Trainee: 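Structure in structure tokens, see below.
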Amino acid sequence: MHDIVWIRANPQAFDEACARRGLPPQASLILDMDRKVRHSRTAAQELQQRRNELTRLISAARRGGRDAAAEIAEVGNIKQQIATLEAIEREDSGKLHNVLEAIPNVVDDTVPEGADETDNVETHRWGNPRNFAFEPRDHVDLGVILGGMDFESAARLSGTRFVVLSGAMARLERALASFMLDVHTREFGYVEVSGPLLVRPETAYGTGNLPKFAGDLFRTTDNRYLIPTAEMTLTNLVRETILDEDTLPLRYTALTPCFRSEAGAAGRDTRGMLRQHQFWKVELVSVTTPEDSPEEHRRMASCAETVLQRLALPYRVVTLSTGDIGFSARLTWDIEVWLPGQKKWREISSLSNCADFQARRMAARCRTRDTRKTRFVHTLNGSGVAVGRALIAILENGQHEDGSVSIPEVLRPYMGGMERLHPGGAAPVDG
RNA sequence: GGAGAGGUGGCCGAGUGGUCGAAGGCGCUCCCCUGCUAAGGGAGUAUGGGCCAAAAUCCCAUCGAGGGUUCGAAUCCCUUCCUCUCCGCCA
């Protein structure tokens with residue numbers, strides 16, 4: 001949500017920001033609407049003032065035993081006018097609101113211009129993709145060899161874009177999640193949260209998923225939404241609150257399933273468990289002051305990178321271009337892990353600074369002790385990281401010619417000491 | 001699912017039609033006194049918006065939300081959301 005006061009003061013800057021998002025200039029249109037709203041609002045308020053005066057006169061007259069017929073008649077008139085003006089104001093401000101809430105966040109100066117993901121700019125890499133002496137398999141083939149990865153059963157149960165993991169494969173998924181949570185809570189100070197997976201429409205609105213992207217979400221019959229990411233739950237923890245700045249930053253992490261309809265993704269990544277309707281993810285959310293959010297963003301990125309480094313998974317970090325960055329984000333870095341089976345870098349974490357964009361939608365504010373003035377907080381979110389995709393990466397990067405897979409050392413304590421997944425050995429689990 | 005109770009400022013808690021944006025208490029901030037591991041006195045302490053070049057000791061709105069009755073509503077009526085209690089059901 002954009003700040004109308006800021007647009008009033010900086011209409012040309014607003015149009016430039018829209019242009020970077022590929023949107024037509026609309027500041028003058030918006031300001032026209034804004035003027036209309038304020039015109040009827042001011043007029044209505046002046047009448048309300050008069051009405052309040054008359055009410056006081058009537059009250060005094062009653063007490064004094066005097067007649068107040070004239071005042072009562074005037075109020076009757078004014079009431080009608082107020083109702084009319086308020087109806088106009090409501091309609092106009094509704095229209096203005098509809099326009100404002102559909103405009104994406106202003107992007108940061110460092111966001112590269114671009115039409116789509118091919119224009120994202122790589123900033124750095126870590127690790128080196130392995131040189132395989134054999135043709136590396138993808139995770140689907142490895143799943144067949146190892147066992148414990150069953151797309152047929154999942155299709156029978158639920159349809160496409162689901163998977164059933166079992167045995168050591170299921171345990172590996174859980175090990176990954178536990179490992180990530182332990183890193184973020186013990187080493188980086190994130191507070192672990194276990195919260196609802198079903199949320200109200202207002203909550204989805206707060207993070208910017210509604211109303212524009214309703215099609216990406218699963219809605220329940222009682223008009224709730226399955227969360228597409230724990231960002232929704234964690235970020236909204238501060239909705240409609242005024243936080244003392246001394247308590248910032250707030251850092252939350254959660255392991256949750258994520259549900260995505262993948263509308264519009266038909267035909268994309270149909271093979272394997274790369275793009276599912278349901279997957280596990282460890283999410284990181286920070287709430288900070290405007291001053292601190294850029295540094296918090298870097299910190300959050302290093303938290304996510306640490307996970308991949310400990311898992312010895314090669315990755316690169318890219319800055320999303322104006323054509324690829326999400327609706328609510330001001331600046332997004334994606335971490336892309338190397339998948340030997342695809343010979344591609346694939347997103348495994350997305351780290352966004354949303355600045356005050358979500359905070360406005362949620363009415364999440366903060367205040368310093370001295371100034372007493374409120375302002376909107378900055379919210380940041382990032383995957384720390386996607387568990388399903390991490391599982392894929394481990395299988396593909398850790399594979400051997402016979403199809404067995406080395407388990408990263410940091411996960412072995414979570415796997416009962418198991419060092420390798422052996423062909424046919426993934427199910428049933430041992431240890 | 002059935003029956004009942006309730007939602008007031010950071011917190012507690014008054015207030016059942018008329019200077020109520022809201023008594024009182026707690027907490028917090030500042031000042032004074034005292035003087036030391038206590039206490040006392042005073043002042044201040046909601047949010048959003050409008051107007052304005054800007055601001056205000058100017059104006060409007062807000063007592064869960066929305067609508068209604070009334071000259072006037074925190075107070076009455078309706079709807080809705082939420083919380084709590086009991087019963088039922090249940091991981």
Side-chain angles (χ1 to χ4, degrees), chain A residues 1-11 30-97 100-101 194-206 210 219-225 233 236-248 250 256-257 287 356 359-377:
Chain A
M1 180 61 68
H2 291 276
D3 181 6
I4 186 67
V5 177
W6 185 82
I7 298 175
R8 272 178 218 152
N10 309 278
I30 288 168
L31 293 181
D32 281 347
M33 299 174 82
D34 178 47
R35 267 187 290 275
K36 252 175 108 181
V37 170
R38 281 188 294 158
H39 182 263
S40 43
R41 180 171 297 161
T42 302
Q45 289 188 354
E46 280 165 2
L47 289 175
Q48 283 168 334
Q49 183 178 353
R50 177 61 183 158
R51 183 200 58 195
N52 291 345
E53 283 166 13
L54 290 167
T55 295
R56 278 190 285 271
L57 289 174
I58 293 165
S59 174
R62 282 279 162 86
R63 271 198 298 273
R66 278 171 281 115
D67 174 66
E71 286 83 356
I72 290 175
E74 188 182 344
V75 169
N77 257 330
I78 289 177
K79 261 175 73 175
Q80 214 25 264
Q81 297 177 50
I82 291 175
T84 306
L85 284 168
E86 282 183 337
I88 294 169
E89 187 215 315
R90 211 175 8 255
E91 192 185 332
D92 288 342
S93 70
K95 283 182 192 163
L96 176 58
H97 200 77
L100 287 178
E101 73 185 4
S194 172
L197 306 178
L198 286 169
V199 298
R200 305 162 163 283
E202 298 91 308
T203 305
Y205 179 88
L210 288 182
R219 191 171 66 152
T220 61
T221 53
D222 65 347
N223 199 29
R224 281 180 239 271
Y225 291 86
T233 314
N236 276 284
L237 286 176
V238 297
R239 71 176 293 114
E240 293 165 65
T241 60
I242 301 176
L243 300 157
D244 187 338
E245 285 190 12
D246 295 347
T247 66
L248 302 180
L250 299 176
T256 69
V287 178
D356 61 0
R360 285 180 192 286
R361 291 178 161 247
M362 297 187 298
R365 291 158 293 174
C366 62
R367 133 164 76 211
T368 50
R369 224 166 242 294
D370 34 318
T371 65
R372 306 286 308 155
K373 282 205 146 191
T374 62
R375 51 183 186 157
F376 291 100
V377 296

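Proteins come first, then strands; the chains are lettered A, B, ... in the order of their sequence lines, and each starts at number 1. Basis for what follows: all heavy atoms, side chains included, without hydrogens, waters or symmetry-related copies. Values in this document were obtained by computation on a predicted structure and should not be read as measured data.
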Trainee: Round to the nearest Å and state the distance from A:Leu54 atom CG to B:U70 atom P.
Mentor: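 Checked: the CG to P distance equals 17 Å.
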
Trainee: Check whether any side-chain heavy atom of A:Glu86 sits under 4.5 Å from a side-chain heavy atom of A:Gln48, and report yes or no.
Mentor: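 Yes; the side chains approach each other to less than 4.5 Å.
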
Trainee: So, is A:Asn52 near the phosphate of B:A61, with a side-chain N or O under 4.0 Å from OP1 or OP2?
Mentor: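 For B:A61, OP1 or OP2 has a side-chain N or O of A:Asn52 closer than 4.0 Å.
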
Trainee: Taking only the side-chain heavy atoms of A:Gln49 (C-beta and beyond), determine which of B:U70, B:G18, B:C59 contains the nearest atom.
Mentor: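 Of the candidates, B:C59 comes closest.
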
Trainee: RNA chain B: A:Arg224 or A:Val75, which has the more 5' nearest nucleotide?
Mentor: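 Checking each residue's closest nucleotide, the 5'-ward one belongs to A:Val75.
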
Trainee: Would you say A:Arg365 places a side-chain N or O within less than 4.0 Å of OP1 or OP2 belonging to B:G48?
Mentor: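 So the side-chain polar atoms of A:Arg365 do come within 4.0 Å of the phosphate oxygens OP1 or OP2 of B:G48, strictly under.
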
Trainee: Send over the distance from A:Ile82 CD1 to B:C71 P, rounded to a whole Å.
Mentor: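 Computing the A:Ile82:CD1 to B:C71:P distance gives 14 Å.
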
Trainee: Using the P atom in both, what is the distance from B:A22 to B:C81, to the nearest Å?
Mentor: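 Per the computed distance, 33 Å lies between those P atoms.
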
Trainee: Report the base-pairing partner of B:C52 (Watson-Crick or G-U wobble, both distances below 3.5 angstrom), or none.
Mentor: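 Check on B:C52: unpaired, no WC or wobble geometry under 3.5 Å.
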
Trainee: Quick one: is A:Arg50 getting a side-chain N or O under 4.0 Å of the B:G72 phosphate, OP1 or OP2?
Mentor: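 No, because none of the side-chain N or O atoms of A:Arg50 sits under 4.0 Å from OP1 or OP2 of B:G72.
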
Trainee: Taking only the C1' atom of each, what is the distance from B:G64 to B:A55 in whole angstrom?
Mentor: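 It works out to 34 Å between them.
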
Trainee: Given that both distances must come in under 3.5 Å, which nucleotide forms a Watson-Crick or G-U wobble pair with B:A74?
Mentor: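 By the stated definition (distances under 3.5 Å), nothing pairs with B:A74.
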
Trainee: Nearest-Å distance, CD (A:Glu245) to P (B:C28)?
Mentor: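 So the two atoms are 20 Å apart, to the nearest Å.
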
Trainee: What is the distance, to the nearest angstrom, from the CD1 atom on A:Ile58 to the C1' atom on B:U19?
Mentor: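 Between C1' of B:U19 and CD1 of A:Ile58: 14 Å.
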
Trainee: Applying a 3.5 Å limit to both distances, which nucleotide forms a Watson-Crick or G-U wobble pair with B:A22?
Mentor: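 In the structure as shown, B:A22 has no Watson-Crick or wobble partner.
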
Trainee: How far, in whole Å, is B:A23 from B:A46 if one measures between their P atoms?
Mentor: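 About 11 Å, rounded to a whole number of Å.
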
Trainee: Checking salt bridge (Lys or Arg N to Asp or Glu O under 4.0 Å) between A:Asp3 and each of A:Arg375, A:Arg360, A:Arg361, which is the one that passes?
Mentor: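 So, applying the salt bridge (Lys or Arg N to Asp or Glu O under 4.0 Å) to A:Asp3 and each of A:Arg375, A:Arg360, A:Arg361, only A:Arg360 qualifies.
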
Trainee: Could you go through A:Ile7 and A:Leu100, starting from their C-alpha distance and side-chain angles, then the distance that decides it, and tell me whether this counts as side-chain contact (heavy atoms from CB on, under 4.5 Å)?
Mentor: CA-CA 10 Å; A:Ile7 298 175; A:Leu100 287 178; 3.8 Å; yes

Trainee: Quick check: any donor-acceptor pair below 3.5 Å linking the side-chain of A:Glu46 to the base of B:G50?
Mentor: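 A donor-acceptor contact between them is absent.
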
Trainee: Rounding to an integer number of Å, can you tell me how far A:Asp222 CG sits from B:C81 C1'?
Mentor: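 Distance, rounded to whole Å: 13 Å.
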
Trainee: Can you identify which nucleotide, out of B:U70, B:G18, B:G49, has its nearest atom closest to the A:Ser59 side chain?
Mentor: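 Closest nucleotide among those given: B:G18.
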
Trainee: With rounding to the closest Å, how many angstrom separate the C1' atoms on B:U75 and B:G6?
Mentor: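 Pairwise C1' distance, B:U75 against B:G6, rounds to 15 Å.
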
Trainee: To the nearest Å, give me how far apart CD (A:Glu86) and C1' (B:G66) are.
Mentor: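 From A:Glu86 CD to B:G66 C1': 14 Å.
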
Trainee: What does A:Glu71 touch in the nucleic acid at a heavy-atom separation under 4.0 angstrom: a base, only the sugar-phosphate, or nothing?
Mentor: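 Nothing, no heavy atom under 4.0 Å.
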
Trainee: Base, sugar-phosphate, or nothing for A:Arg8, non-hydrogen atoms under 4.0 angstrom?
Mentor: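 The answer is sugar-phosphate, as A:Arg8 gets under 4.0 Å only of primed atoms, P, OP1 or OP2.
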
Trainee: Whom does B:G44 pair with, Watson-Crick or G-U wobble, provided both distances fall under 3.5 Å?
Mentor: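 B:C28 - that is the nucleotide pairing with B:G44, both distances being under 3.5 Å.
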
Trainee: Under a 3.5 Å limit for both distances, which nucleotide forms a Watson-Crick or G-U wobble pair with B:A14, could you say?
Mentor: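 By the stated definition (distances under 3.5 Å), nothing pairs with B:A14.
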
Trainee: So, is A:Arg200 near the phosphate of B:C82, with a side-chain N or O under 4.0 Å from OP1 or OP2?
Mentor: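 Checking B:C82 against A:Arg200, a side-chain N or O does come within under 4.0 Å of OP1 or OP2.
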
Trainee: Is there a side-chain contact between A:Thr42 and the phosphate of B:C51, meaning an N or O under 4.0 Å from OP1 or OP2?
Mentor: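 Yes, because at least one side-chain N or O of A:Thr42 sits under 4.0 Å from OP1 or OP2 of B:C51.
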
Trainee: With nearest nucleotide decided by heavy atoms, which residue, A:Arg51 or A:Ile4, maps closer to the 5′ end of RNA chain B?
Mentor: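 Whichever sits nearer the 5' end wins; that is A:Ile4.
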
Trainee: Taking the C1' atom of each, how far is B:C11 from B:A53, in whole Å?
Mentor: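 Straight-line distance between the two C1' atoms is 42 Å.
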
Trainee: Is any side-chain N or O of A:Arg35 closer than 4.0 Å to OP1 or OP2 of B:G50?
Mentor: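 Checking B:G50 against A:Arg35, no side-chain N or O comes under 4.0 Å of OP1 or OP2.
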
Trainee: Looking at B:A91, which nucleotide sits across from it as a Watson-Crick or G-U wobble partner, both distances under 3.5 angstrom, or is there none?
Mentor: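 The answer is none; no pair meets the criterion.
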
Trainee: In Watson-Crick or G-U wobble terms, both distances under 3.5 Å, what is the partner of B:U34?
Mentor: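 Matched B:U34 with nothing under the 3.5 Å cut-off.
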
Trainee: What is the base-pairing partner of B:A5, counting Watson-Crick and G-U wobble geometry with both distances under 3.5 Å?
Mentor: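 B:U83 is the nucleotide pairing with B:A5.
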
Trainee: Would you check if A:Arg224 and A:Pro196 make a side-chain contact, meaning some heavy-atom pair closer than 4.5 Å?
Mentor: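 The answer is no, as the side chains (C-beta and beyond) never meet within the 4.5 Å cut-off.
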
Trainee: In whole Å, I'd like the distance from the CZ atom of A:Arg90 to the C1' atom of B:G50.
Mentor: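 One finds 17 Å between C1' of B:G50 and CZ of A:Arg90, rounded.
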
Trainee: Which nucleotide in the set B:C59, B:G49, B:U47 lies at the smallest distance from any side-chain heavy atom of A:Arg41?
Mentor: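 Comparing B:C59, B:G49, B:U47 against the side chain of A:Arg41, the answer is B:G49.
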
Trainee: Distance between the P atoms of B:G40 and B:C76, in whole angstroms?
Mentor: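 Those two atoms are separated by 39 Å.
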
Trainee: Hey, does A:Leu250 have a side-chain heavy atom less than 4.5 Å from the side chain of A:Leu243?
Mentor: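 Yes, close enough: below the 4.5 Å cut-off.
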
Trainee: Using a cut-off of less than 4.0 Å, is there contact between a side-chain N or O of A:Thr374 and OP1 or OP2 of B:G48?
Mentor: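 Yes, such a contact exists.
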
Trainee: Which part of the nucleic acid, if any, lies within reach of A:Arg38 when heavy atoms closer than 4.0 Å are counted: base, sugar-phosphate only, or nothing?
Mentor: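 Sugar-phosphate, backbone atoms only, no base.
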
Trainee: Under 3.5 Å, is there a donor-acceptor pair between the side chain of A:Arg239 and the main chain of A:Glu202?
Mentor: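 Answer holds: yes.
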
Trainee: B:G50 and B:A56: how far apart are their P atoms, nearest whole angstrom?
Mentor: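 To the nearest whole Å, 13 Å.
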
Trainee: Side chains of A:Leu198 and A:Asp222: does their closest heavy-atom pair fall under 4.5 Å?
Mentor: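 SC-SC contact between A:Leu198 and A:Asp222 ruled out.
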
Trainee: Does A:Thr203 reach the side chain of A:Thr233, with side-chain heavy atoms less than 4.5 Å apart?
Mentor: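 Counting from C-beta outward, A:Thr203 and A:Thr233 never come under 4.5 Å.
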
Trainee: Can you measure A:Gln48 atom CD to B:G48 atom P for me and round it to whole angstrom units?
Mentor: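 Value for this atom pair: 19 Å.
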
Trainee: Using atom C1' of each nucleotide, how far apart are B:G67 and B:A73 to the nearest Å?
Mentor: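 Between the two C1' atoms, the distance is 14 Å.
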
